[in-house]
Every structure is written in C-alpha cells, then in structure tokens.
Amino acid sequence: MIYNAPFIRVEATKYTEVGYHGDDVGNMITDLFKKTQAEFAQKDGYTILKGSKVLKEKVDKLILKYLIGPSNEDNEGYQEKHQQLLDGQLEEYSCFLYLPGGKKYYSQITNMKVKELRKHMYDAYLEELMS
C-alpha cells in the first residue's frame, strides 16, 4: 500500500475498447470502498489516524485536561506537562476517569494509563468517522 491507500484489481475483460461505462465505474468505486472498509476493520484507530497532526493535538489537549484539569495554556505547569507528554514521559502515567454509562454500559470510574487512553480516543474518533 502506498500512502495507506488501498488498491484493487479489477477484471479488464468486462470493459470495452470504447471505454468505461457508468455502471462499470460505479462497480470499481464500490469494490474500492468495500476493500477499504475491510482493511480498516483489521486495524485499530491509532494505526490509521496517527499521522493526523490536528487529531494528535486535540487528543493531547484532552489528555492534559484529564491529567491536570482545566487549565490555561499559558500556565507554566500546563506547558511543562505538555512538553512531558510530547516527549513521551507520561505514557505510563495513570489517571482516573469517569466513564458515563449509556444504553449498553454502566457508569464507572476506571484507572487507565495515558498510552491506553490515547488508543481508546483514537478508536473512538475512527468509529465516529466510519459511522
């Protein structure tokens, strides 16, 4: 795969010398979409979305909010923790999270390491994108 883009093989015999027809192009796009869905289903959110700088900044801000609470970004303590997070020094740091319940799950308080929290956040964003 190049640039995380899926490629498919299509049967050349169903196309004529005149060119592609509307239904044929639609079938190629459908095949490509199905292949992409199948490939994404086998990967986790972090693997797929780790290249997004915007998403990384958003996730890092949320993680910092969980670690130190709402804080002004100009605050010296915030900047220090942000730098530690960027340097990977907080990956093993544990924090308590309140997970609200819904129709499927009960509300709970859980203890989670930063690296696990990051993975869950990327998975949640991917699930949101795919729905």
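What you are looking at is a predicted structure, and each value in this text was computed from that prediction instead of being measured. Computed from heavy atoms alone, side chains included, the values below leave out hydrogens, waters and symmetry copies. Sequential numbering from 1 along the given sequence is applied to the chain's residues.
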**Q** Partners of K119 by side chain to side chain contact (heavy atoms under 4.5 Å, CB included), sequence neighbours excluded?
**A**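 K119 satisfies side chain to side chain contact (heavy atoms under 4.5 Å, CB included) with D44, D123 only.
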
**Q** If the condition is side chain to side chain contact (heavy atoms under 4.5 Å, CB included), which residues does N111 pass it with, not counting sequence neighbours?
**A**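 Here the qualifying residues are S94, F96.
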
**Q** Using 0.5 Å steps for rounding, measure from the CG atom of N75 to the NE2 atom of H82.
**A**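 So the gap between those two atoms works out to 13.5 Å.
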
**Q** If I compare all heavy atoms of M121 with all of I63, which pair ends up nearest, and what's the gap?
**A**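 Answer, listing the atom of M121 first, then I63: SD-CG1, 3.9 Å.
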
**Q** Excluding sequence neighbours, so at least two apart, what forms side-chain hydrogen bond (donor to acceptor under 3.5 Å, both in side chains) with E92?
**A**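 In terms of side-chain hydrogen bond (donor to acceptor under 3.5 Å, both in side chains), with neighbours along the sequence ignored, E92 is linked to K113, K115.
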
**Q** Atom CG of L90 and atom CG of D60: how far apart are they, to the nearest 0.5 Å?
**A**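 Those atoms lie 10.0 Å apart.
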
**Q** Kindly write out the residues that satisfy salt bridge (Lys or Arg N to Asp or Glu O under 4.0 Å) with K65, not counting sequence neighbours, or none if the list is empty.
**A**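 Residues passing salt bridge (Lys or Arg N to Asp or Glu O under 4.0 Å) with K65: none at all.
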
**Q** Who passes side chain to side chain contact (heavy atoms under 4.5 Å, CB included) against Q89, sequence neighbours left out?
**A**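 Testing Q89 for side chain to side chain contact (heavy atoms under 4.5 Å, CB included), a comparison that skips the adjacent residues, returns Q84, D87.
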
**Q** Report the residues that fulfil side-chain hydrogen bond (donor to acceptor under 3.5 Å, both in side chains) with E91, sequence neighbours left out, ordered by chain and then residue number.
**A**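 By the side-chain hydrogen bond (donor to acceptor under 3.5 Å, both in side chains) rule, E91 matches R118.
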
**Q** Please name all residues satisfying side chain to side chain contact (heavy atoms under 4.5 Å, CB included) with I68, sequence neighbours left out, ordered by chain then number.
**A**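 S71, Y78, K81.
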
**Q** Please identify each residue that fulfils salt bridge (Lys or Arg N to Asp or Glu O under 4.0 Å) with K58, with sequence neighbours left out.
**A**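 If we apply the salt bridge (Lys or Arg N to Asp or Glu O under 4.0 Å) test to K58, skipping adjacent residues, there are no hits.
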
**Q** For L86 and K56, what are the C-alpha separation, side-chain angles and deciding distance, and is it a side-chain contact (heavy atoms from CB on, under 4.5 Å)?
**A** CA-CA 10 Å; L86 293 176; K56 181 180 180 345; 4.0 Å; yes

